Amino acid sequence: MQGAALLNERRCVSIEAFGKHLLYGFDSALWLHIHLGLFGRFRPHPSPASIPMGAVRVRLEGPAKTVDIHGPNTCELLDSDGVDKLCARIGPDVLRADADPDLAFRRIANSRSTIGQLLMDQSVIAGIGNIYRTELLWRCRIHPQTPGRALDRAAFDALWCDAQMLLAEGVRLNAIITVDQMMVKPGRGRYRERVNIFGKERCPHCENAIHKFSLSKRSVYACESCQPQADPGDT
DNA sequence: TTGATTGTTACCGG
DNA sequence: TCCGGTAACAATCA
């Protein structure tokens, strides 16, 4: 936070997103790097906003709106060199036009780790979180414990395309929605009606029980019937 | 009041 | 070099 004063009265001239990392470019060649992590939140207020409430790390003030950023995982100032280093360690972002899916495929195809773990590794593919991991793999009929090297190019391409589509919808509706035919944002509440198997007990496709287990220290769900595990001999 | 959780990184050891 | 495990940190909700 010691650098925050450097941005006083500065104008934000560009905003970039690399996966879940946000970069606000200022006319002073400085970048504000924000990662919201698990708990970070943007809270908008009409301008002029009153005194910040709670643990506000950054306030971005415009003529009409003011946005307070609470509880980000990362909140720091970077110069161009720092931005280059950050970009170098983030894998291709499915939502970016300049993303290179070949790079993601090579990293997956050369890894003994499971696809469930690899999808959570931001240096492999950026932007996919825990809910999208479960939902994408279910939609593509891939078991989370399939080794990366067992995934063929066609399966990867299907996964990449579905991720592009789902994440774009997520941006459009500002909500994680992975069920088909939900073109509008549902009302407030939890995700139960927005997802297929995450946090569910039954598979909507075959009605079999959903298996919950831990992968990369996070809960993952799978339908053992719709997402059969690869024969260990295949790897 | 407590536990779970839409995430990431550093560090250590095998 | 790769990978697994652990710890740290953040805020909110049921």
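Each chain gets a letter, A, B and so on, in the order the sequences are listed, and its residues count up from 1. Bear in mind the structure is a predicted one, so any value in this text is a computation, not a measurement.
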Rounded to whole Å, the NE2-C1' distance (His33(A) to dT8(B)) equals 10 Å
Validation row: Val179(A), Arg139(A) side chains within 4.5 angstrom (heavy atoms) = no
In short, side chain to side chain donor-acceptor pair (under 3.5 Å) pairs touching residues 33-44 of chain A with sequence neighbours left out are His21(A)-His33(A), His33(A)-Glu76(A)
Contact nearer the 5' end of DNA chain B, comparing Ser216(A) with Ser219(A) | Ser219(A)
DNA chain B contacts made by residues 111-129 of chain A, counting heavy atoms under 4.0 Å | Gln122(A), Gly129(A)
Arg43(A) has its side chain closest, among dA11(C), dT8(B), dT5(B), to dA11(C)
Under 3.5 Å, which donor-acceptor pairs do the side chains of residues 202-221 of chain A form with other protein atoms, sequence neighbours left out?
| residue | atom | partner | partner atom | Å |
| --- | --- | --- | --- | --- |
| Arg202(A) | NH1 | Glu207(A) | O | 3.3 |
| Asn208(A) | ND2 | Ser225(A) | OG | 3.4 |
| His211(A) | ND1 | Glu224(A) | OE2 | 2.6 |

Which ILVMFWY residues can you reach from Leu38(A) by hopping between side chains whose heavy atoms are under 4.5 Å apart?
-> Phe39(A)
For nucleotides 7-10 of chain C, give me every protein contact, N/O to N/O, under 3.5 Å, one pair per line with atom names.
| residue | atom | partner | partner atom | Å |
| --- | --- | --- | --- | --- |
| dA7(C) | N6 | Lys217(A) | NZ | 2.6 |

What are the residues of residues 79-109 of chain A, sorted by number, that bring a heavy atom to within less than 4.0 Å of DNA chain C?
-> none
Given atom CZ of Phe42(A) and atom C1' of dT12(C), what is their separation to the nearest angstrom?
-> 17 Å
Heavy-atom closest pair (Pro72(A) atom, Arg57(A) atom, distance to 0.1 Å) is CD-CG, 3.2 Å
Does dG7(B) have OP1 or OP2 sitting under 4.0 Å from an N or O in the side chain of Arg218(A)?
-> yes
Should side-chain heavy atoms under 4.5 Å link Ile, Leu, Val, Met, Phe, Trp and Tyr, which residues sit in the same cluster as Leu103(A)?
-> none
Given salt bridge (Lys or Arg N to Asp or Glu O under 4.0 Å), test Asp157(A) with Arg153(A) step by step and report yes or no.
-> CA-CA 6 Å; Asp157(A) 286 341; Arg153(A) 183 67 203 221; 3.0 Å; yes
Quick one: label Arg133(A) by what it contacts on the DNA or RNA (base, sugar-phosphate, nothing), any heavy atom closer than 4.0 Å.
-> nothing
Starting from P on dT5(B), measure out to CG on Asn130(A) and report it in whole angstrom.
-> 9 Å
If a pair satisfies salt bridge (charged side-chain N to carboxylate O under 4.0 Å, His left out) and one of its residues is in residues 58-75 of chain A, list it, with sequence neighbours excluded.
-> Arg59(A)-Asp68(A)
Would you write out the dot-bracket form of DNA chain B, 5' to 3', with Watson-Crick and G-U pairs under 3.5 Å, [ ] for crossing pairs, | for pairs to other strands and . for unpaired bases?
-> .||||.||||||||
Quick one: are Leu23(A) and Leu86(A) in side-chain contact, heavy atoms under 4.5 Å?
-> yes
All side-chain contact (heavy atoms from CB on, under 4.5 Å) counterparts of Ala126(A), not counting sequence neighbours | Ile90(A), Asp93(A), Gln122(A)
Gap between atoms CZ and P, on Arg41(A) and dC13(C) respectively (whole Å) | 8 Å
Are Glu16(A) and Arg96(A) ion-paired here, with the side-chain N under 4.0 Å from a carboxylate O?
-> yes
Atom NZ of Lys20(A) and atom P of dT9(B): how far apart are they, to the nearest Å?
-> 10 Å
Leu215(A) CG to dG7(B) P, in whole Å, measures 14 Å
Hits for side chain to side chain donor-acceptor pair (under 3.5 Å) against Asn73(A), two or more places apart or cross-chain, chain-then-number order -> none
Is the shortest distance from a Lys or Arg side-chain nitrogen in Asp81(A) or Lys85(A) to a carboxylate oxygen in the other one below 4.0 Å?
-> yes
Side chain to side chain donor-acceptor pair (under 3.5 Å) partners of Ser80(A), counting only residues at least two apart | none
